[in-house]
Structure formats: C-alpha cells, structure tokens
Amino acid sequence: MPLKTLTVVGARPEFVQTAPLAREIAAREGITGALIHTGQHYDYEMSELFFSQLKLPEPQYHLGVGSGSHGVQTGAMLAELDRVYLAEQPDIVITHGDTNSTLAAALSAAKLGITVAHVEAGLRSWNRAMPEELNRVVTDHLADLLFCPGEAAAANLRGEGITAGVHIVGDLMQDSLRWTMNTVDAQATLDKHGLRPGEYFFATIHRAENTDDRNRLESIMHGLERVARDYPVVLPAHPRTRPRIRDLGIPAGIRLIEPVGHAEAMALVQHAAAVLTDSGGLQKEVYWLETPCVTLRTETEWVETVEVGWNRLAAADPAAIEIAVKVALTDRPPHPDLYGDGHTARYIVDRLLAYHPGDEPTQEEPW
Ligand code: UD1
C-alpha cells in the first residue's frame, strides 16, 4: 500500500509552501497525497487566486471554518479535522508553518495517534506575544517528523530537547519561487501598475501586532511616508489592514492596491528598490530575489537574512525605517545561498518514504 498523506492548508503562505510538495508527491511512486483546506483564508485574492496560479489540486475537503477569535477558529478546525482524519485514516498528516491551521492540523492528528510531519520546523522569534510563535512551538512538540530550513532551526529544536525525527531539508518556498518565476511576466506587472524597475518600494503589513495597535500602524505609515519622498510605495493591503489604513488616511506617495497573487507579488518584489514588510515568508523570497529588505518588526525568525546584511529590523519607528531604507539602497553585501537549494520537496518526500518511528535524526544538509 502506498504511504497515504494528507496535507492541511488554510492561509496564503501554506498554499505557496505546499504547491511544490503536492507536485512532488503526485510524481513519486509509493506515496499519495490530498489537501484539506481549513478555510482560514477565504477571499478570492487570499485563496482561490493562489490555487489557480500555483496549479494546486482542488482540496479533497474544504472545512469552511473562516475567521473568528483564535479559540473559536482553532476549535472549529479541530472538530472538523477529527472527522476527516477518522474517515480517511492517513499514515501521515503534513502541516506547514505557524498559523492556526498548522496548530489544529497537528493537535488533532497527534491526539488520534497519526504521525505528524511539520514543515518549517524549529523557527523561533522568541516572542510569545505572537500567535504564530505559540502555534509553532506547540506544533514542533507534537510532531514526529520535523523538517527544518537550516541548521539554526535544528539547533533551536535541540535546545528544547527535540532531536528525533529532525531533518534539515531547506525551504519549500524556494522551490515555489523558482517555479513561479518561470511563469511571471514581470514587465506586464510593472506596466499594469505604471512602475519602472528600481524606482518604487514594495510594502506589506498584515501582522496583528502592527495592524491592531492604531499608534503602531500610524507610526509605520509615517515611516512609509518618509520613504515615499524618494519613490512611490506600492502597498497591497490584506483585508484586515485595508480599513485600518483608510481610517488613518493614506499619506501622499503610498499606493494602496488590492492583495496580489504569488506571481504578481514576486514580480513586484524582484524589481523593487527595496521591500518593507512584516511578513515572515516574504523576507526569504525578497532575499532569494536579491532585493534589500526592511522588516517592520522588532525580531525575525529568519535571522540568517539579517546576519548576511540583506535584511534590517526597523520595527515601527519612522526614523529607523527611513534610515534602514537609505542604507539598504547603497549596501550590496555578498549574497550566500540560504535555506537549501530549491529541491526541498524532493528531500521531504525521500524522508517521508524512509520514515520509521524512532529513527535517528539525519541533520546533515542534503545539498
Ligand atoms: C494568518 C496567520 C499568519 C500568516 C498570515 C498570512 C495565524 C494566527 N496567522 O494571519 O501567521 O502570516 O495568515 O496571510 O494563523 N480576512 C478576510 N479574508 C480572508 C482572510 C482573513 O477578510 O480571506 C480578515 C478577517 O477579518 C480576519 C483577519 O483578516 O479576521 C485576519 O485573518 P487570520 O486568518 O485570522 O489571520 P492573518 O492575519 O491572515
């Protein structure tokens, strides 16, 4: 019997991560896969657009959970996932990243005695005020197989006593980025928005810590306003962020646009003078596309991008944002490979097929 996997997704970054893995599973002997969509993200631009651009297979189950408080959302997912897992009896449940869907996928499976594989394991911001930090810590402690993007993440797990089942495999987002870049017509995207390469900034803000605190959001907008004196700032707004920014008033030079799909976002990142973001996943994509990044947070899980000098932490301080962008525009440090070689999906499937409970960890980098 082939190994039966079910992968749970619900939010944008998970769609991007799972696309290359779904393709790899479909292409390999001895393993089957299907998707369960929790429905955490449900707007067309937040979900369907990603499924069609990334050529993701239709989910076998759509749980339709939607938005709500964390407890309500996660609880509804748990109830639905119990039902699906019991009906489907998968050998392994695969869960990505750090969202509420990630946590629910792992918790329900672990309680039913199903093997849990966590992709993007071992990341830490060390900030327990972030819901994502709680989600990833708990998920790592429930998982049997832990796929880390690099050695720093594996070291974090060792620090928490987790060594069994840990594998360094790189980052699926790099596989996905390579695939997407082959489909992108960057010039058409720039033309659509009336932009010239290297003469605009690309910004995203969606994290609760930034959007739910009016003063903090206002402070970030002041920072963007300063930056926009040089070049326009293109800001695709998450549905949570859009009304809050509108409430504050949109400063001159900032161009609020609808949320964009992966292909359009990557084209805009590739040709931006710099990217300003509070997203986790985007920081890596910006790095791989060799665009300087300014992160609108006080800490990052992607510490390597900061260490090599391509990412700067500016939090929500307007002066710090302005200075970080100015320095980023002139500084071009060496650009070492980070987080694997773009073949992470293959390494993950190799290890899924070879998995036996109680195996020793294999932490050497496969590339
Ligand atoms: C979630 C993840 C975050 C990830 C992000 C990517 C958690 C705790 N957070 O954050 O780690 O970086 O996805 O985008 O899981 N909304 C809509 N339409 C949608 C989706 C959301 O209008 O399709 C609005 C709702 O008002 C909702 C709010 O956005 O309450 C927040 O959505 P939610 O999924 O809870 O968190 P994200 O901020 O998207």
Side-chain angles (χ1 to χ4, degrees), residues 8-19 37-54 59 62-78 81 95-107 118-121 123-125 127-140 171-173 176 203-213 216-217 220 235-247 258-262 264-266 275 277-286 295-297 299-302:
V8 179
V9 292
R12 284 187 299 189
E14 291 151 355
F15 309 146
V16 177
Q17 288 163 334
T18 218
H37 191 325
T38 62
Q40 180 172 345
H41 284 175
Y42 45 86
D43 286 351
Y44 171 79
E45 294 90 356
M46 302 287 286
S47 177
E48 233 178 288
L49 177 60
F50 283 76
F51 272 74
S52 68
Q53 278 190 354
L54 295 164
H62 198 300
L63 308 182
V65 168
S67 300
S69 70
H70 288 261
V72 165
Q73 192 181 52
T74 313
M77 290 176 195
L78 286 172
L81 286 167
T95 185
H96 296 275
D98 57 19
T99 69
N100 291 343
S101 301
T102 310
L103 172 65
L107 187 53
H118 184 206
V119 184
E120 206 188 69
L123 273 291
R124 295 290 180 269
S125 65
N127 175 1
R128 291 270 172 123
M130 286 173 67
E132 291 84 0
E133 182 77 351
L134 303 177
N135 291 340
R136 58 171 91 96
V137 168
V138 176
T139 302
D140 282 340
D171 197 305
L172 280 175
M173 277 203 174
S176 216
T204 75
I205 310 165
H206 77 274
R207 231 164 249 289
E209 71 201 55
N210 284 335
T211 57
D212 295 2
D213 176 339
R216 204 175 154 92
L217 185 59
I220 290 176
L235 177 64
H238 185 287
R240 187 225 294 274
T241 317
R242 197 179 312 142
R244 297 183 186 172
I245 291 180
R246 288 227 171 98
D247 262 10
E258 292 298 310
V260 288
H262 196 235
E264 201 170 336
M266 293 305 103
V275 171
T277 186
D278 63 3
S279 158
L282 198 64
Q283 292 171 53
K284 293 172 286 176
E285 293 168 322
V286 176
T295 295
L296 305 168
R297 292 173 52 198
E299 75 282 304
T300 178
E301 302 77 25
W302 305 102

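In listed order, ligands and their atoms are each counted from 1. These numbers come from a predicted model, not from an experiment.
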Among protein heavy atoms, which lies nearest [atom], and at what distance?
atom	answer
atom 18 (N) of ligand 1	D43 OD2, 3.0 Å
atom 28 (C) of ligand 1	R240 CB, 3.9 Å
atom 33 (P) of ligand 1	Q40 NE2, 3.9 Å
atom 26 (O) of ligand 1	S67 OG, 4.4 Å
atom 8 (C) of ligand 1	N100 OD1, 3.4 Å

Check for me whether G280 has a heavy atom closer than 4.0 Å to any atom of ligand 1.
no
Can an N or O of E132 be found at a distance shorter than 3.5 Å from an N or O of ligand 1?
yes
So is there a nitrogen or oxygen of S101 less than 3.5 Å from a nitrogen or oxygen in ligand 1?
no
CD/E48: more than 12 non-hydrogen atoms of other groups inside 6.0 Å
no
Subset of ligand 1 atoms that lie under 4.0 Å from at least one heavy atom of [X]:
X	value
H206	4 (C), 5 (C), 6 (C), 12 (O), 38 (O)
P239	16 (N), 17 (C), 18 (N), 22 (O)
A11	13 (O)
D98	11 (O)
H238	29 (O), 37 (P), 38 (O), 39 (O)
H70	8 (C)
R12	14 (O)

Give, for atom CZ of R242 and atom CZ of R246, the distance between the pair rounded to the nearest 0.5 Å.
6.5 Å
Do the ring planes of F15 and F50 sit parallel (below 30°), tilted (30 to 60°) or perpendicular (above 60°)?
tilted
Answer whether the closest heavy-atom distance between the side chains of L282 and V275 falls below 4.5 Å.
yes
Can you check which of [options] brings a heavy atom nearest to [atom]?
atom	options	answer
atom 2 (C) of ligand 1	D212, T204, N135, T99	T99
atom 6 (C) of ligand 1	G10, P13, P259	P13
atom 24 (C) of ligand 1	F15, Y44, Y42	Y42
atom 35 (O) of ligand 1	E45, E133, Q73, R242	Q73

Scan T38, T99, T18 and name whichever one has a side chain to side chain contact (heavy atoms under 4.5 Å, CB included) with V9.
T18
Option passing side chain to side chain donor-acceptor pair (under 3.5 Å) with T102 (candidates R136, E132, E14, Q40)
E14
Side chain or backbone of H41 under 4.0 Å from ligand 1, or both, or neither, by non-hydrogen atoms?
both
Using a strict 4.0 Å threshold on nitrogen-to-oxygen distance, state whether D212 and R244 make a salt bridge.
yes
Is D98 salt-bridged to R124, going by a charged N under 4.0 Å from an acidic O?
no
Which pair of heavy atoms, one from A237 and one from P259, lies closest together, and at what distance?
O-CG, 3.2 Å
So, the side chain of D43 versus the backbone of E45: is there a donor-acceptor pair under 3.5 Å, distance only?
no
What verdict does the side chain to side chain contact (heavy atoms under 4.5 Å, CB included) test give for R297 and Q283, after you've listed the backbone C-alpha separation in whole Å, the side-chain angles of each residue and the deciding distance to 0.1 Å?
CA-CA 11 Å; R297 292 173 52 198; Q283 292 171 53; 3.8 Å; yes
Evaluation steps, side chain to side chain contact (heavy atoms under 4.5 Å, CB included), between H238 and R12
CA-CA 11 Å; H238 185 287; R12 284 187 299 189; 3.4 Å; yes
